[in-house]
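Numbering starts at 1 and runs along the sequence shown. A quick note: this is a predicted structure, and the numbers were derived from the prediction, not measured. Hydrogens, waters and symmetry mates are skipped; everything else that's a heavy atom, side chains included, is used.
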Amino acid sequence: MIRIIIYDDHAQRCESLKALISLAEGMECVGYFPDCSHVIEEMKRLQPHVVLMDIEMPHVDGISGVRKIKQAYPQIRIIMQTVFDDEERIFACLQAGAEGYILKNASAEKIIQSIREVFDGGASMTPSVALQVMKYFNHVKGPVDFNLTPREKEVLSLLSGGKSYKMVADKLGISYSTVNGYIKNIYEKLHVHSVTEAVSIAHKNRIV
């Protein structure tokens, strides 16, 4: 069962998302909150697998919330939900450690799909957000060598193509734990804390 927490200061939207999740097989909403003032306490108490995070909230906003969560619980997967698709916000969220970034007008099917994708170790973006990311990559200068091994580059390339950890393991004929070992090495060499950050740096530096 995928345990999900929602952060959004619009009560009606929280209720709608909660209802949507309750209808999805293998998912449950274990809590929802109007801001990230007590986010660490809520992570510890409710132990979610995935967080749906709004950006613009009073008191403590979504980007600050992501940073707090990733510092204390890096294994928790986070999807940003917002009405904005500008480059600055996208990369602020991804650099903070979010695994997904989808617009609030995304379909119910896309929201559920995104939750499953990040839970399985992948990343998720709506098409307009992906376009902004690609535009950013097109303006990248000067690749940097991070001393990744050929196998680590292969794993990173598959992740960049949207493959989950399980799919990478199947593709390369290795165990899930072995993939996790490669991911840990990649994170250390690239100085990142999420697949999204790793893929971003890989594209910026033309590693894959």
Side-chain angles (χ1 to χ4, degrees), residues 1-36 39 42-43 46 48-58 60-67 69-70 76-137 159-167 194-200 203:
M1 185 70 71
I2 305 175
R3 297 169 58 84
I4 301 155
I5 289 181
I6 302 165
Y7 285 90
D8 197 310
D9 60 328
H10 290 86
Q12 186 175 353
R13 177 166 177 80
C14 282
E15 290 290 350
S16 296
L17 287 171
K18 182 180 178 181
L20 173 64
I21 291 166
S22 69
L23 295 173
E25 184 178 355
M27 295 185 187
E28 65 173 331
C29 176
V30 295
Y32 57 94
F33 305 93
D35 65 65
C36 295
V39 68
E42 288 149 5
M43 294 302 108
L46 299 172
H49 299 109
V50 177
V51 171
L52 288 178
M53 180 74 75
D54 191 11
I55 293 181
E56 296 291 337
M57 293 182 290
V60 180
D61 67 14
I63 297 176
S64 298
V66 173
R67 293 194 184 102
I69 293 170
K70 286 299 182 179
I76 294 176
R77 319 293 289 176
I78 303 173
I79 300 172
M80 308 305 294
Q81 283 201 283
T82 179
V83 296
F84 304 103
D85 64 351
D86 64 278
E87 185 177 292
E88 183 178 349
R89 289 176 184 273
I90 292 169
F91 282 94
C93 294
L94 300 185
Q95 288 168 3
E99 283 78 21
Y101 191 113
I102 61 176
L103 300 183
K104 286 188 174 181
N105 62 5
S107 67
E109 291 78 11
K110 177 61 180 176
I111 293 171
I112 295 302
Q113 178 188 353
S114 296
I115 292 171
R116 297 195 192 282
E117 286 174 348
V118 300
F119 177 75
D120 287 336
S124 182
M125 296 181 188
T126 47
S128 62
V129 171
L131 179 60
Q132 293 291 335
V133 173
M134 292 309 298
K135 285 181 179 177
Y136 177 82
F137 291 152
L159 292 172
S160 178
K163 297 286 192 297
S164 68
Y165 289 13
K166 292 178 182 178
M167 294 167 71
S194 72
V195 170
T196 307
E197 285 182 289
V199 169
S200 175
H203 280 283

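When all heavy atoms of Gly26 and Met1 are compared, the closest pair comes out as C-SD, 3.2 Å. When all heavy atoms of Met80 and Val66 are compared, the closest pair comes out as SD-CG2, 3.4 Å. Of all heavy-atom pairs spanning Pro34 and Pro58, the tightest one is O-CD, 4.0 Å. Shortest non-hydrogen contact noted between Ile21 and Ile112 is CA-CD1, 4.5 Å. Summarising the geometry of Val60 relative to Asp35, their closest heavy-atom pair is O-CB, 3.8 Å, with the distance given to 0.1 Å. Of all heavy-atom pairs between Ser164 and Asp120, the closest is CB-O, 2.9 Å.
With hydrogens and angles ignored, the 3.5 Å screen pairs a side-chain donor or acceptor of His49 with a backbone N or O of Arg3. Side-chain atoms of Lys70 do not come within 3.5 Å of backbone N or O of Arg77 as any donor-acceptor pair.
Summarising the geometry, atom CE belonging to Met53 is positioned 9.5 Å from atom OG belonging to Ser64; distances are rounded to the nearest 0.5 Å. Distance OG1/Thr82 to CG/Asp54: 6.0 Å, rounded to 0.5 Å. One distance of note links CD1 of Ile6 with CG of Leu52; it measures 6.0 Å at 0.5 Å rounding. With values rounded to the nearest 0.5 angstrom, Glu28 atom CD is found 10.5 Å from Ser22 atom OG. With values rounded to the nearest 0.5 angstrom, Gln81 atom CD is found 10.0 Å from Asn105 atom CG. Considering CD1 of Ile79 and CD of Glu99, their distance stands at 8.5 Å, rounded to 0.5 Å.
Between the side chains of Glu117 and Gln113, a donor-acceptor pair is found at a separation under 3.5 Å. Checked by atom type, the side-chain pair Tyr32/Glu15 shows a donor-acceptor distance below 3.5 Å. A donor-acceptor contact under 3.5 angstrom links the side chains of Tyr7 and Glu42, judged on distance only.
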>> Does Val39 form a side-chain contact (heavy atoms from CB on, under 4.5 Å) with Phe33? I'd like the steps, not just the answer.
In response: CA-CA 9 Å; Val39 68; Phe33 305 93; over 6 Å; no
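A salt bridge links Lys104 with Asp8: the distance from a Lys NZ or Arg NE/NH1/NH2 to an Asp or Glu carboxylate oxygen falls below 4.0 Å.
When each of Val118, Ile78, Ile4 is paired with Val51, the side chain to side chain contact (heavy atoms under 4.5 Å, CB included) condition holds for Ile78 and for no other.
Counting only heavy atoms from C-beta outward, the side chains of Leu103 and Val83 never approach each other to under 4.5 Å.
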